[in-house]
Amino acid sequence: MKWKNKGHEYDNIEMNFNAGTKIWIYGAGENGKDLCRELAFADCVAGFIDNNAEKIKAGIWEGKQIISSESFLAQFHDNCIVVVAVALPNMPVVVRQMIRSGWEEGKNLFIYHIFHYSYLPIWALRSWGKIYIPTVSFLVTTMCNLDCKGCLNFTHFNKNKRHYDLERLKSDIDLLFKKVNYIWYLHLSGGEPFLHPHLEGFIEYIDSNYKHQIGILGTTTNGTIIPKESLCKTLKKADIRVWIDDYRENVPLAKEKFEKVKKQLEDFDVCYISNQTDQWLDIQNTETELDEKKLRNRCEACDVPFVSVKDHKIYGCNYCDYAWEAGISEGNENDYLDLEQISEGEKAQITEFIMGYSDNGYYTFCKNCSGYQASNQKQIKVAEQYK
C-alpha cells in the first residue's frame, strides 16, 4: 500500500477497542495459552472461555479466571471482545455459536490468527501507544553448508557470504527493542544459524535483556549440523523453539544427520519441531516489465508475513532484504525504515510499515518475485542441490 498520510494512516480507522477494553480468550488450549502470553504486554486479558469441566471447576487457568461459554454469554457483553483460539476443527462451531448469540465478527468477535496479524498491531498503537510486530526474521549469517536450488535466502547467488559480527547483531537487537515494545515471534535465520561461531552468545544476550518483550524466540536448522552441547544448553535455557527442516529425500547429508540432530536436542530437552514439506515455494520471477500499478497490486496480494531487521533498518519484506544481500536485486530506501531516524513522535510509521505501507507501495524485489503463498502457487523440489 502506498503511503498517503505517513504516520497517520490509522488515525481515523473505526475501532471497537480502547485502552480499557478487556479480551476474553475462547479456548483454554495451546493457542489460548500463546495468545494470553502474547497479550501480557498490554495486561488486557480478562479470562478464558472453555467447556472443559475440570478446568472450569478449578476456576483458574494460566493465572486467569476460566468460565463456561454458557456462563459467559449470560453475563458478559460490555466493553470486551472475544478472540476465538480453539483448534481449527472446532473453529466453525464456536464462531457460529457466538454469532448466533449476537456477537459480530470483526467488531467484538475475532479469530485468533486474523486478530494476531491484522488487528493487534493497529490496536496496540491506537489503544496503548505501543509498537507490536507479529513476526521478525533476524538474519545472523548468510553462510550455509548446503547449496539448495530455490533457497529463499538466495544463498547460491551470494558472493559475499559471512557470519554477521556479534557486536553488530547486539547493536541491531538493542535498537529494535528500543523502538518496538513487543515481538510475538523473533526468528533467528540464515544461512545455517548453527554454523555461526557466536550464536550462543547472541542467544544469551537476547534472553538476558529482551525475554520479556518476546513471545517466541525460534530458529531453523537444515538438519545436517549436530549442535554442540553448550549450544543445546543455551537453547534450553532461553526456551528456544527449533524448527528442523527435513531434507532427507534430496540431501544425503540430511539422511545421515537428521535423526542425530533430533537425538541431540532431545537429550537436552530442547523444544523442536520437525518441518517436512512436499514442495518448496518458488518465488523467483522473470517478468520484470511491470508498471507501478501492477507492482503495487502484486505486493498487496502477496502478504508476506515476515519483516526483517539488519544494519539498524527494518525491511518491509524479508525476501527483499535477502535478495539485496545476495546481490540479485538492487534495493533502495523505499524497502526499509531507518530505525535510527524514527523519533518517538513518528513511531506510528513503524506499525504502518510492517502492515504493508511504503512510499512506493511495493518493494524493489517485487519486480523479480512471484509473491508469497497467498498469491503464488509455483512450486519446486525440496532442497534439490546444485551439486
Side-chain angles (χ1 to χ4, degrees), residues 10 13-52 55-56 58-88 90-135 180-186 211-216 305 347-348 350-351 354-355:
Y10 297 124
I13 191 171
E14 183 179 349
M15 291 181 58
N16 298 293
F17 193 91
N18 56 56
T21 302
K22 290 298 182 180
I23 295 177
W24 283 84
I25 300 172
Y26 198 135
E30 288 303 312
N31 285 345
K33 183 190 297 185
D34 280 349
L35 180 57
C36 189
R37 288 175 54 209
E38 184 175 0
L39 293 168
F41 77 96
D43 191 26
C44 61
V45 175
F48 290 90
I49 308 165
D50 202 277
N51 295 310
N52 181 295
K55 290 180 179 178
I56 293 169
I60 299 292
W61 193 73
E62 292 297 308
K64 303 289 182 180
Q65 65 173 312
I66 179 170
I67 61 175
S68 69
S69 59
E70 183 178 351
S71 296
F72 176 82
L73 292 171
Q75 343 173 9
F76 295 94
H77 293 283
D78 295 331
N79 202 26
C80 69
I81 67 171
V82 173
V83 181
V84 181
V86 296
L88 285 177
N90 300 326
M91 189 74 70
V93 174
V94 171
V95 171
R96 185 167 64 247
Q97 175 199 40
M98 297 299 295
I99 291 174
R100 284 179 174 178
S101 300
W103 293 73
E104 298 180 50
E105 192 172 352
K107 183 177 180 180
N108 55 10
L109 176 67
F110 301 89
I111 295 172
Y112 172 39
H113 295 94
I114 298 174
F115 176 79
H116 165 83
Y117 281 106
S118 301
Y119 291 98
L120 190 51
I122 300 170
W123 282 350
L125 175 68
R126 289 285 306 277
S127 297
W128 307 301
K130 297 180 183 293
I131 303 301
Y132 165 91
I133 303 180
T135 52
V180 174
N181 299 96
Y182 198 83
I183 296 170
W184 173 236
Y185 178 35
L186 179 62
K211 188 173 186 176
H212 62 291
Q213 290 178 259
I214 301 169
I216 297 171
K347 64 182 181 181
I350 300 175
T351 296
I354 65 105
M355 293 296 287

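Every heavy atom of this structure was used, including side-chain atoms; hydrogens, water molecules and symmetry mates were not. Since we're looking at a predicted model, the values are computed, not measured.
Looking at every heavy atom in both residues, Pro121 comes nearest to Thr351 through O-CG2, 3.6 Å. Residues Phe48 and Ala28 share a closest heavy-atom pair of CD2-CA, 4.2 Å. Taking every heavy atom of both residues into account, Ile49 and Ser69 meet most closely at CG2-CA, 3.5 Å. Asp43 and Lys22 make their closest contact through O-NZ, 3.4 Å (heavy atoms, listed as atom of the first residue, atom of the second, distance). Closest approach of Ile354 and Pro134 over heavy atoms only: CD1-CD, 4.1 Å. The two residues Ala124 and Tyr132 make their nearest non-hydrogen contact at CB-CB, 3.7 Å.
In this structure, Glu70 and Asn51 have side chains that are not in contact, with every pair of non-hydrogen atoms separated by 4.5 Å or more. Under the 4.5 Å side-chain criterion, counting only non-hydrogen atoms from C-beta, Asn18 is in contact with Asn79. At a threshold of 4.5 Å between non-hydrogen side-chain atoms, the residues Leu39 and Phe115 count as touching. Taking 4.5 Å as the limit, every side-chain heavy atom of Ile216 sits out of range of all side-chain heavy atoms of Glu38. By the 4.5 Å heavy-atom criterion applied to side chains, Met355 and Tyr10 are counted as neighbours. Counting only heavy atoms from C-beta outward, the side chains of Arg126 and Ile13 approach each other to under 4.5 Å. Ser127 has its side chain out of reach of Thr21: every pair of non-hydrogen atoms, C-beta onward, lies at least 4.5 Å apart.
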Point to revise | Audit row: Asp50, Trp61, side chain to side chain contact (heavy atoms under 4.5 Å, CB included) steps and yes/no | key: CA-CA 10 Å; Asp50 202 277; Trp61 193 73; over 6 Å; no

Exercise for review: Let me see the working for Phe72 and Val82 under side chain to side chain contact (heavy atoms under 4.5 Å, CB included), right down to the final yes or no.
Suggested key: CA-CA 10 Å; Phe72 176 82; Val82 173; 3.5 Å; yes

Review point. Yes or no on side chain to side chain contact (heavy atoms under 4.5 Å, CB included) for Leu73 and Gln97, after CA distance, side-chain angles and deciding distance?
Key: CA-CA 10 Å; Leu73 292 171; Gln97 175 199 40; 4.2 Å; yes

Exercise for review: Applying side chain to side chain contact (heavy atoms under 4.5 Å, CB included), run through Gln65 and Trp24 and close with a yes or a no.
Suggested key: CA-CA 10 Å; Gln65 65 173 312; Trp24 283 84; 3.6 Å; yes

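At least one donor-acceptor pair closer than 3.5 Å links the side chain of Lys347 to the backbone N or O of Gly129. Panel note: side chain Thr135, backbone Pro305; a donor-acceptor pair is recorded below 3.5 Å. Within the 3.5 Å criterion, the main-chain N or O of Ile131 finds a donor-acceptor partner in the side chain of Asn181. Under a 3.5 Å cut-off, the side chain of Gln213 and the backbone N or O of Val180 do form a donor-acceptor pair.
Every residue meeting the salt bridge (Lys or Arg N to Asp or Glu O under 4.0 Å) condition with Lys33, not counting sequence neighbours, appears here in chain and number order: Glu30. In this structure, Ser101 has no side chain to side chain donor-acceptor pair (under 3.5 Å) partners at least two apart in sequence or on a different chain.
Separation of atoms CG (Leu120) and CG (Leu35) is listed at 8.0 Å; rounding is to 0.5 Å. Rounded to the nearest 0.5 angstrom, Ile66 CD1 and Ile56 CD1 are separated by 6.0 Å.
Under the ring-ring contact (aromatic ring centres under 6.0 Å, His included) test applied with Phe110, the options Trp123, Tyr117, Tyr26 reduce to a single match, Trp123.
Heavy atoms from other residues, nucleotides or ligands lying under 6.0 Å from CZ of Arg96 number more than 12.
Between Trp128 and Tyr182, the ring center distance fails the sub-6.0 Å criterion.
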